[in-house]
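Just so it is clear: chains get the letters A, B, ... in the order the sequence lines come, proteins before strands, and each one is counted from 1.
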Number of protein chains: 2
Amino acid sequence: MVSIRDVARYANVSTATVSRALRGLSSVTAETRARVESAAAELGYVLPFNASSLASGLTNSVGVVAPFTSRWFFGTVITGIERVLRDEGLDLVLYGIGDAESRTRLFEQMSMRRRVDAMIVLCLPLTKRELAAVRSLGVPVVFVGTRVAGFSSVRIEDFTASAHAVDYLIRLGHERIGLICDDDPAPFGFTTPRQRKQGYLSALHAAGITPLPQWQAVGGFTVAGGEAAMNTLLDGDSPPTAVFALSDEMAYGALRTLRRRRRTVPEDVSLVGFDNHELAAALDLTTVAQPVVEQGSEAVRVLLDELRGRSTTPRDVVVPTELVVRASSGSPVGMPN
Amino acid sequence: MVSIRDVARYANVSTATVSRALRGLSSVTAETRARVESAAAELGYVLPFNASSLASGLTNSVGVVAPFTSRWFFGTVITGIERVLRDEGLDLVLYGIGDAESRTRLFEQMSMRRRVDAMIVLCLPLTKRELAAVRSLGVPVVFVGTRVAGFSSVRIEDFTASAHAVDYLIRLGHERIGLICDDDPAPFGFTTPRQRKQGYLSALHAAGITPLPQWQAVGGFTVAGGEAAMNTLLDGDSPPTAVFALSDEMAYGALRTLRRRRRTVPEDVSLVGFDNHELAAALDLTTVAQPVVEQGSEAVRVLLDELRGRSTTPRDVVVPTELVVRASSGSPVGMPN
DNA sequence: TTGAAAGCGCTAACAT
DNA sequence: ATGTTAGCGCTTTCAA
């Protein structure tokens, strides 16, 4: 196995100079660097990660904790994260926690201890205990999608964005507005659903509308859940003329129910989702768009600032949302447009 | 920073024994192991990855190369990979290559050299040059979705599955069957589109049907592409009564076009997709289902067999596909059912 | 089964 | 700007 000494000999320099040159330190003349680089290329040498890491105390890796990797939102955030990390020469180590058991295991063992220089936690409000564990890592941590005291975060304003979407339905003339939401409290301790729901309630309240209990149905943030929830809503007393689903995926399920029950959209029922999921345009769904790739790349930038000592106080980056109006929403029948 | 020596002192054993106990080696009495484990827990100690790695020559990490992380298929395969790796105590290092530039960079620098013990390459046929680079890593490599001489692979039979889907449409009575496919040759060097297309041609040929050129349109494996492709198909001479889209996402685009142009499905046009994407059920799309999580976990199992010397010859694991018939397909109008 | 001690292959401090 | 050298903190012999 070719070692730094082989490269040093080949390039007629010391091992220290090889190390400096290959890491891009500035204290090497261009000429020397070129010689070292071509020697390394010739011999097919790259600095072995483990030896460098042991000697320097850095891992050049960032851990990403994600509850799901297959859902569109998470995969897309990860794309944004990966891209910036790679540009910076940092590796991404993925920690998935699909279920409660793996979540427990991850935070009990803290296998990322001494394995990563920094962490990004996606949309996962942590328990006190977990937070303490994360804090004990002693590395910068950025949260995406949740705000956590003492740490930086990148997120959207769920409350405001929801209120705005519901207000839009009210201004279209709707008075009976349904909600497809999540259980309360939500699994995994997500706070996003509650904030979006509060936005819905707040908008109704501001318009002087008292929401009826049968306007709310639980969709569990899945397509199947949204499908069932819409059935529940349609079967209730004085069913809504417009429905706000707290995620696009639940809205897709709702659309399926409407299609099956021969209700036209938006004439019979208007539908608004949340996320601007990649298929929302294909399904002509009005929705609250949030920048997703950008939240990932922004999280890395915040992280790098902390990692490189450019910033010491936690930052709270709020990225803008935007209501994207498509064909799934309109004024209720009988209303002037 | 607490070191292995602290733990050794605390548990009254040597550092070597601590190392053995914490790695689960069998040459430690249960009593000693318990003492060491509780000492480690007490002190909050885990074996630091970099020092272990340097001393042992192993990284306990597996590299995963993926062209996209946000697309459903890739995110879902990664879920399967991550789950099994984590159970085995291995870390997943993600190498995304969203564009040609990062692809070049990855294979030129081979930053995964000495960084991972093994690799999984997702749906990415490599060039000769890239293959040589990968081979030079000297670690086990498993390909998902493509077969590569000299390496193990986990994949489906694209050709057969496609032929079967088209044959199903033929047996429904369709004679003009369209195809929404990819450019030829496909970007990134994907071979999957071509194999699926060959399956289509083969099924038609077997039924004595000569495909007309205007039955084929390019959809680029995106929703928007599928949308445009379906427009092209509808505008051609003697347009198809059934369309086979080589991916569900292109089928979603096609559905949108059909909806906009007021064609009913399946009365006016039958539609069949490929993948059984998570939303295929929600859209009532008939499609070729492939097990995706399983391909990821199976890839890891194959990898582990090679990594642990249980297998030395490359394996080619083919997982089964299944045609899932839903409401988007039926006999052409005027045919008995 | 356990302990002692010699590396693993770099980086960082210090010297020049 | 470059060279010298002592660690970094384990794992792996080898011996007991």
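- Using a 4.0 Å cutoff to heavy atoms of chain B, the contacted part of DNA chain C runs 5' to 3' from C:dT1 to C:dG9.
- Residues forming a ring-ring contact (aromatic ring centres under 6.0 Å, His included) with A:F190 (at least two apart in sequence, or on another chain): A:F188.
- For the ring-ring contact (aromatic ring centres under 6.0 Å, His included) test, no residue two or more places apart in sequence or in another chain qualifies with A:F107.
- A:R103 is listed as a side-chain neighbour of A:L126, based on a closest heavy-atom distance under 4.5 Å.
- Going from atom CG of A:N50 over to atom C1' of D:dC10 covers 11 Å, rounded to whole Å.
- Remark: B:F73 engages no residue in a ring-ring contact (aromatic ring centres under 6.0 Å, His included) (not counting sequence neighbours).
- Here salt bridge (Lys or Arg N to Asp or Glu O under 4.0 Å) pairs that include residues 141-153 of chain A, with residues two or more places apart or in two chains, are A:R147-A:D316.
- Considering only residues two or more places apart in sequence or on other chains, B:Y95 meets the ring-ring contact (aromatic ring centres under 6.0 Å, His included) condition with none of them.
- With the nearest nucleotide of DNA chain D identified for both B:V46 and A:S14, A:S14 has the one nearer the 5' end.
- One can place CZ of A:R5 at 15 Å from P of D:dG3, the figure rounded to the nearest angstrom.
- Comparing B:R114 and B:T29 against DNA chain C, the residue whose closest nucleotide sits nearer the 5' end is B:T29.
- Residue pairs meeting the salt bridge (Lys or Arg N to Asp or Glu O under 4.0 Å) criterion with at least one partner in residues 69-84 of chain A, sequence neighbours excluded, are A:E82-A:R86.
- Screening residues 122-150 of chain B for ring pair (Phe, Tyr, Trp, His ring centres under 6.0 Å) gives B:F143-B:F151 as the qualifying pairs, with residues at least two apart or on separate chains.
- Partners of A:L54 according to the side chain to side chain contact (heavy atoms under 4.5 Å, CB included) rule, which considers only residues two or more places apart in sequence or in another chain, are B:N50, B:A51, B:L54.
- The residue B:Y45 sits close only to the backbone: its heavy atoms come under 4.0 Å of sugar-phosphate atoms, none of a base.
- For the pair B:I78 and A:S70, the minimum side-chain heavy-atom distance is 4.5 Å or more.
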Would you tabulate the nitrogen or oxygen pairs shorter than 3.5 Å linking the protein to nucleotides 11-16 of chain D?
from, atom 1, to, atom 2, distance (Å)
D:dT11, OP1, B:S52, OG, 3.2
D:dT11, OP2, B:S19, OG, 2.1
D:dT11, O5', B:S19, OG, 3.4
D:dT12, OP2, B:R23, NH1, 2.8

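- Scanning for side chain to side chain contact (heavy atoms under 4.5 Å, CB included) contacts around A:T104 gives A:E108, with sequence neighbours left out.
- Taken over five-pair windows at either terminus, the axes of the helix from C:dT1-D:dA16 to C:dT16-D:dA1 are inclined to one another by 20° (rounded to 10 degrees).
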